[in-house]
K.L.:
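One structure is given below, represented as structure tokens, and several questions about it will come after.
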Amino acid sequence: MRILGIETSCDETSVAILEGDGTVRSNLIASQIERHRPFGGVVPEIASREHLQHLMPLIDQSLDEAGVALSEVSAIAVTSGPGLIGALLVGLSAAQGLAYGLRIPLVAVNHLEGHIDSPYLQLSGPAIPMPDRFLSLVVSGGHSSVYDVRASEGARMINRTRDDAAGEVFDKVAKFIGLPYPGGPQIEARGRDGDPARYDFPLARFKDGSVDFSFSGLKSNSIRLARREGLTPPIESMDRETLVRLAGFCASFQKAVVDQILDRLETIWRSLDSARRPGELAVAGGVAANTELRERATSWCAEAGLSIRLPERRYCTDNAAMIAFAGLRRLGNVSGDPLRVKARSRMAVGG
Ligand code: KG4
Ligand code: ZN
């Protein structure tokens, strides 16, 4: 059993080859970040064109790197949603053509389910066996949710964001202060020497006691504060004192995002029946690459008494290995004509 995975839902074209036990033979990513950077975010039309240009050569390279012939592939997994519809269609059409031509099954994978499963992939060797039940935190550029995942029933969404996603606020705040896209790693790097207690941001809470995330208040507060503190582009012309304030701002902002994530985890954890709580937290998505989140989630798990599973950094941001892996686990449910699979820009987990 060998599966080829294709991911084109946003701004990374990615192709991976995995063995049936989850061993990653190749996982290539053609990032379009430089093409979108002048616009400070992803431009859908550019994304589709870039996928078109890069996908077929990347499939060849991925097979080459894995030392596998196309005829040795036994199934194709592809992201069918959620994402940019034009971008999704490029990957899906290619996957449909391949599956149809090779007469092998096509598994449509929900991008979020790819993220949920990603912490169990290893850099080398078979995937780590997934527990029968775990709590999954997915924090990316488009989504922020906690799921209760059961092997037998799939994922149940416990909360979601009411407005911006965690990665999205990193990107928007970074853009305002003149840092390039994507903002998450930039803010993390700038904040490394900053004082996280320099600025205090209120923790967002809902009057109705909801455990949903909300990052838009933090975004507005941060932008207002940055303007007041003179933290506006270009960074190159900031003096030393301003750069110290900028580092403090980045560290404080990052702390505020992580504070909210841990606050929701804690509240959700307490609301679960203590006799039947999951034994593991798996963190996933682009923001799972953030060191402060990784460290504080690890400490929180140690205190709460559950194990933690953090993804390898290369499996945090969008990649086809996680799609192929999620596809492997869903192969048993595939039936019918690959040409009937539809791309959907919006798609719930389990949908
Ligand atoms: O999972 P992903 O590649 O795309 C979506 O499916 O949305 O996540 C990309 C997001 C971007 O918003 C990026 O700024 C954020 O992940 N990100 C980070 C870090 N690395 C990537 N956020 C905070 N700290 C990081 N080190
Ligand atoms: Zn993603």
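In this text, all values refer to a predicted model and were calculated from it rather than measured experimentally. Just follow the structure's listing: the first ligand is 1, and inside any ligand the first atom is 1.
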K.L.:
With a cut-off of 2.8 Å, which protein N/O/S atoms are close to the Zn ion (ligand 2), if we only count those under it?
P.N.:
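Counting only protein N, O or S atoms under 2.8 Å from the Zn ion (ligand 2), the list reads His111 NE2, His115 NE2, Asp318 OD1.
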
K.L.:
Quick one: pull up NE2 in His111 and OG in Ser80 and give me the separation to the nearest 0.5 Å.
P.N.:
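One gets 11.5 Å once the value is rounded to the nearest 0.5 Å.
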
K.L.:
Just grab all the side-chain hydrogen bond (donor to acceptor under 3.5 Å, both in side chains) pairs involving residues 136-151, residues at least two apart or on different chains.
P.N.:
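Qualifying pairs, neighbours excluded: Arg133-Asp148.
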
K.L.:
Check each of Val24, Thr23, Asn27, Ile128 against Leu121 using the side chain to side chain contact (heavy atoms under 4.5 Å, CB included) test, and report the only one that passes.
P.N.:
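By the side chain to side chain contact (heavy atoms under 4.5 Å, CB included) criterion, Leu121 pairs with just one of Val24, Thr23, Asn27, Ile128: Val24.
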
K.L.:
Measure across Leu331 and Ala75 and return the closest heavy-atom pair with its distance rounded to 0.1 Å.
P.N.:
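Looking at all heavy atoms of both residues, the closest pair is CD1-CB, 3.8 Å.
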
K.L.:
May I have a table of the N/O to N/O pairs between ligand 1 and the protein that fall below 3.5 Å, each row giving the two atom names and the distance to 0.1 Å?
P.N.:
{"from": "ligand 1", "atom 1": "1 (O)", "to": "His115", "atom 2": "NE2", "distance (Å)": "3.3"}
{"from": "ligand 1", "atom 1": "1 (O)", "to": "Gly286", "atom 2": "N", "distance (Å)": "3.1"}
{"from": "ligand 1", "atom 1": "1 (O)", "to": "Asp318", "atom 2": "OD1", "distance (Å)": "3.2"}
{"from": "ligand 1", "atom 1": "3 (O)", "to": "Asp318", "atom 2": "N", "distance (Å)": "3.0"}
{"from": "ligand 1", "atom 1": "3 (O)", "to": "Asp318", "atom 2": "OD1", "distance (Å)": "3.3"}
{"from": "ligand 1", "atom 1": "4 (O)", "to": "Asp318", "atom 2": "OD1", "distance (Å)": "3.3"}
{"from": "ligand 1", "atom 1": "4 (O)", "to": "Asp318", "atom 2": "OD2", "distance (Å)": "3.3"}
{"from": "ligand 1", "atom 1": "6 (O)", "to": "His111", "atom 2": "NE2", "distance (Å)": "3.2"}
{"from": "ligand 1", "atom 1": "6 (O)", "to": "Asp318", "atom 2": "OD1", "distance (Å)": "3.1"}
{"from": "ligand 1", "atom 1": "6 (O)", "to": "Asp318", "atom 2": "OD2", "distance (Å)": "3.4"}
{"from": "ligand 1", "atom 1": "7 (O)", "to": "Ser140", "atom 2": "OG", "distance (Å)": "3.3"}
{"from": "ligand 1", "atom 1": "7 (O)", "to": "Gly141", "atom 2": "N", "distance (Å)": "2.8"}
{"from": "ligand 1", "atom 1": "7 (O)", "to": "Gly142", "atom 2": "N", "distance (Å)": "3.0"}
{"from": "ligand 1", "atom 1": "8 (O)", "to": "Gly141", "atom 2": "N", "distance (Å)": "3.4"}
{"from": "ligand 1", "atom 1": "12 (O)", "to": "Gly167", "atom 2": "O", "distance (Å)": "3.1"}
{"from": "ligand 1", "atom 1": "12 (O)", "to": "Asp171", "atom 2": "OD1", "distance (Å)": "3.4"}
{"from": "ligand 1", "atom 1": "12 (O)", "to": "Asp171", "atom 2": "OD2", "distance (Å)": "2.7"}
{"from": "ligand 1", "atom 1": "14 (O)", "to": "Asp171", "atom 2": "OD1", "distance (Å)": "2.7"}
{"from": "ligand 1", "atom 1": "14 (O)", "to": "Gly184", "atom 2": "N", "distance (Å)": "3.0"}
{"from": "ligand 1", "atom 1": "20 (N)", "to": "Gly286", "atom 2": "O", "distance (Å)": "3.4"}
{"from": "ligand 1", "atom 1": "24 (N)", "to": "Asn290", "atom 2": "ND2", "distance (Å)": "3.0"}
{"from": "ligand 1", "atom 1": "26 (N)", "to": "Glu188", "atom 2": "OE1", "distance (Å)": "2.7"}

K.L.:
Using a strict 4.0 Å threshold on nitrogen-to-oxygen distance, state whether Asp259 and Arg296 make a salt bridge.
P.N.:
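Yes, this pair counts.
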
K.L.:
Inspect the contact between Asp273 and Arg276 and indicate whether a charged nitrogen and a carboxylate oxygen are less than 4.0 angstrom apart.
P.N.:
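A salt bridge links Arg276 with Asp273.
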
K.L.:
Would you kindly say whether Arg205 and Thr267 are connected by a side-chain donor-acceptor distance under 3.5 Å?
P.N.:
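There is no such pair (donor and acceptor under 3.5 Å, judged by atom type) between the side chains of Arg205 and Thr267.
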
K.L.:
Where do Arg330 and Asp117 land on the salt bridge (Lys or Arg N to Asp or Glu O under 4.0 Å) test, with the steps shown first?
P.N.:
CA-CA 12 Å; Arg330 288 155 183 82; Asp117 294 355; 3.1 Å; yes

K.L.:
Run the side-chain hydrogen bond (donor to acceptor under 3.5 Å, both in side chains) test against Thr298 and tell me which residues pass, sequence neighbours left out.
P.N.:
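Here no residue qualifies.
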
